[in-house]
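Provided herewith is a single structure, encoded as structure tokens, for subsequent inquiry.
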Amino acid sequence: MMGLGSLGLTTEQERLYRRLLRDPRADLDPAEVGPVLAELRALGLVDESRTALPPAAAIDVLVRRRIEQTQRQLTELTLAWDVLTELAEEHRSGRPVQMVEHLLDGKAVTRRMFGLLADERASSCI
């Protein structure tokens with residue numbers, strides 16, 4: 001039988017989710033399950049009243065989460081082709097190639113630009 005581990009849940013998270021699914025009014029020791037319950041709430045699998053998300057909705061949430069994680073990993077892997085281009089040029093020309101910084105989204109670009117401006121201001125004040 002396939003568990004929810006392949007979708008990113010720990011054994012403890014899956015155990016508690018299944019328990020709440022079977023018995024929403026289960027008497028739970030907060031000291032024992034508190035952190036795991038908080039994790040399930042953060043994932044959107046359990047609400048504040050300790051009601052477990054229905055199975056179809058829970059699987060949908062977990063699959064979408066795994067797809068997003070996989071897309072981020074694939075984006076990181078695509079940067080390898082850029083490195084290959086740089087290395088090939090260094091090999092062809094025998095000269096170092098200026099490294100290009102790759103930023104994945106607009107927020108990262110903005111943060112980087114503000115950081116560079118702050119560094120420039122700090123170095124010009126010295």
Side-chain angles (χ1 to χ4, degrees):
M1 178 171 81
M2 181 178 148
L4 298 174
S6 63
L7 294 175
L9 288 190
T10 65
T11 303
E12 295 81 17
Q13 290 169 336
E14 180 174 356
R15 187 177 302 125
L16 182 56
Y17 171 76
R18 287 176 182 265
R19 184 171 175 194
L20 291 172
L21 196 59
R22 289 188 307 270
D23 183 8
R25 294 181 192 92
D27 186 27
L28 303 173
D29 178 10
E32 180 184 325
V33 300
V36 177
L37 185 58
E39 293 165 0
L40 290 175
R41 283 181 177 142
L43 290 168
L45 299 179
V46 175
D47 67 16
E48 290 301 318
S49 65
R50 293 189 341 194
T51 301
L53 204 59
I59 296 299
D60 183 61
V61 166
L62 293 172
V63 167
R64 288 178 188 277
R65 185 171 169 260
R66 287 287 288 144
I67 288 171
E68 289 170 5
Q69 290 171 341
T70 302
Q71 286 174 328
R72 283 192 297 274
Q73 290 172 335
L74 288 173
T75 298
E76 291 171 11
L77 284 174
T78 59
L79 297 177
W81 297 114
D82 296 332
V83 173
L84 173 62
T85 302
E86 292 168 357
L87 292 173
E89 179 58 26
E90 283 192 21
H91 181 248
R92 186 193 67 73
S93 69
R95 294 179 284 126
V97 173
Q98 176 89 22
M99 298 300 287
V100 175
E101 184 175 2
H102 298 277
L103 301 171
L104 300 177
D105 61 31
K107 290 180 183 179
V109 171
T110 303
R111 281 191 305 272
R112 183 69 175 124
M113 289 177 66
F114 279 122
L116 289 171
L117 289 171
D119 291 346
E120 181 62 30
R121 284 187 198 118
S123 67
S124 65
C125 292
I126 295 177

(request) Measure the spacing between OG1 of Thr11 and CG of Leu4 and express it to the nearest 0.5 Å. (result) 10.0 Å
(request) Look up atom CZ in Arg111 and atom CG in Leu103, then write down how far apart they are to the nearest 0.5 Å. (result) 9.0 Å
(message) If we ignore hydrogens and angles and just use 3.5 Å, is the side chain of Tyr17 paired with the main-chain N or O of Leu53 as donor and acceptor?
(response) yes
(request) Report the distance from atom OG1 of Thr51 to atom CG of Leu45, rounding to the nearest 0.5 Å. (result) 13.0 Å
(message) Among residues at least two apart in sequence or on other chains, which ones pass side chain to side chain contact (heavy atoms under 4.5 Å, CB included) with Leu77?
(response) Leu74
(message) If you compare all heavy atoms of Glu90 against all heavy atoms of Arg95, which two are closest, and at what distance to 0.1 Å?
(response) CG-O, 3.2 Å
(message) Quick check for you: to the nearest 0.5 Å, what is the distance between Leu116 atom CG and Arg112 atom CZ?
(response) 4.0 Å
(request) Could you pull out all residues at least two apart from Leu87 that satisfy side chain to side chain contact (heavy atoms under 4.5 Å, CB included)? (result) Val83
(message) Run the side chain to side chain contact (heavy atoms under 4.5 Å, CB included) test against Arg64 and tell me which residues pass, sequence neighbours left out.
(response) Asp60
Listing, residues 26-42 side-chain donor-acceptor contacts under 3.5 Å, not counting sequence neighbours, or none:
from	atom 1	to	atom 2	distance (Å)
Asp29	OD1	Ala31	N	3.2
Glu39	OE1	Gln13	NE2	2.9
Arg41	NE	Asp47	O	3.3
Arg41	NH2	Glu48	O	3.2

(message) For residues Ile59 and Leu20: do they belong to one hydrophobic cluster (side chain heavy atoms under 4.5 Å, members Ile, Leu, Val, Met, Phe, Trp, Tyr)?
(response) yes
(request) Dump the intermediate steps for side-chain contact (heavy atoms from CB on, under 4.5 Å) on Met113 and Val109, then the final yes or no. (result) CA-CA 6 Å; Met113 289 177 66; Val109 171; 3.8 Å; yes
(message) Would you say Leu84 ends up clustered with Leu79 if hydrophobic residues are merged whenever their side chains have heavy atoms under 4.5 Å apart, either directly or through other cluster members?
(response) no
(message) Show me the pairs that pass side chain to side chain donor-acceptor pair (under 3.5 Å) and involve residues 68-81, at least two apart or across chains.
(response) Arg66-Gln69
(message) Would the distance check show the side chain of Glu14 and the main-chain N or O of Leu9 forming a donor-acceptor pair, the cut-off being under 3.5 Å?
(response) no
(request) Name all residues meeting the side chain to side chain contact (heavy atoms under 4.5 Å, CB included) criterion together with Asp105; count only those two or more places apart in sequence or in a different chain, and write none if there are none. (result) Lys107, Ala108
